[in-house]
Amino acid sequence: MNYWLFKSEPSCFSFQDLQKRPQATEPWDGVRNYQARNFLRDQIKTGDKVLFYHSSIAVPAVVGVCTVVREGYPDHTALNPQADHFDPKATPEKPIWYMVDVKAEKPLPREVPLPVIREHPALQKMPLINRSRLSIQPVSEAEFKVIMELGGL
DNA sequence: GCCAACGTTGGC
DNA sequence: GCCAACGTTGGC
């Protein structure tokens, strides 16, 4: 099993939004970055754990844990001219972009804010710190455990 | 709102 | 294939 961190702007889609869904699963679509796409398509597997991170707010933070419930499949929103992340280069034969489905597991009793991650000696290698723009990031088991502890789980 | 970092585009 | 110009992301 592997660990990941997914970023989302809460004004766009928050962990609370995910928890509210009656069916509790959500397609993680709209990712349009090749490195992130490769993780979605090739490496993220059903059962993997995901840290849900809120970005572009006053205090960015890890706020909850999700589980992957469906692994990489074509992101059909790229084919839809009406969709926000439409890509004219994508076709059904060559979809280019991929997504996975996730479901909320539990919120962290205490959010883990970015400044805390920045200063924690065991978390210095997280891409959040110097590759902050990567929206899908791998997390090591050790890092995941540290964040769980900081978050009160 | 600013700006640094980074990714993409397009001319050559 | 290089690189300058431009657009986007995201922290502050």
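Every chain is numbered from 1 and lettered A, B, ... according to where its sequence line falls, protein lines coming before strand lines. Everything numeric in this text was worked out from a predicted model, so none of it was measured.
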Without hydrogens or angle criteria, can the side chains of [X] and [Y] be said to hold a donor-acceptor pair below 3.5 Å?
| X | Y | result |
| --- | --- | --- |
| A/R131 | A/Q35 | yes |
| A/Y73 | A/D101 | yes |
| A/S55 | A/E9 | no |
| A/T77 | A/N80 | no |

Begin with the C-alpha distance, continue with both residues' side-chain angles, and end with the deciding distance and a verdict on side-chain contact (heavy atoms from CB on, under 4.5 Å) for A/N2 and A/Q43. CA-CA 9 Å; A/N2 287 306; A/Q43 288 188 244; 5.9 Å; no
Just the atom pairs and distances: protein N or O near nucleotides 7-10 of chain B's N or O, under 3.5 Å.
unit_1, atom_1, unit_2, atom_2, d
B/dG7, OP1, A/R131, NH2, 3.0

Rounded distance in Å - CD (A/E9) to C1' (C/dC12): 15 Å
Mind calculating the distance between CG (A/L128) and P (C/dG11) to the nearest angstrom? 8 Å
Once you apply a heavy-atom cut-off of 4.0 Å, does A/L114 come out as touching a base, just sugar-phosphate, or nothing?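 The answer is sugar-phosphate, as A/L114 gets under 4.0 Å only of primed atoms, P, OP1 or OP2.
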On the ring face of A/F39, is A/R37 found with NZ or CZ under 6.0 Å from the centre and within 45° of the axis? no
For DNA chain B, the residues among residues 73-84 of chain A that have a non-hydrogen atom under 4.0 Å from it: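 None, since no heavy atom is under 4.0 Å.
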Parallel, tilted or perpendicular: which describes the rings of A/F13 and A/W28, with under 30° parallel and over 60° perpendicular? perpendicular
A/W97 vs A/Y34 aromatic rings, parallel, tilted or perpendicular, using cut-offs 30° and 60°? tilted
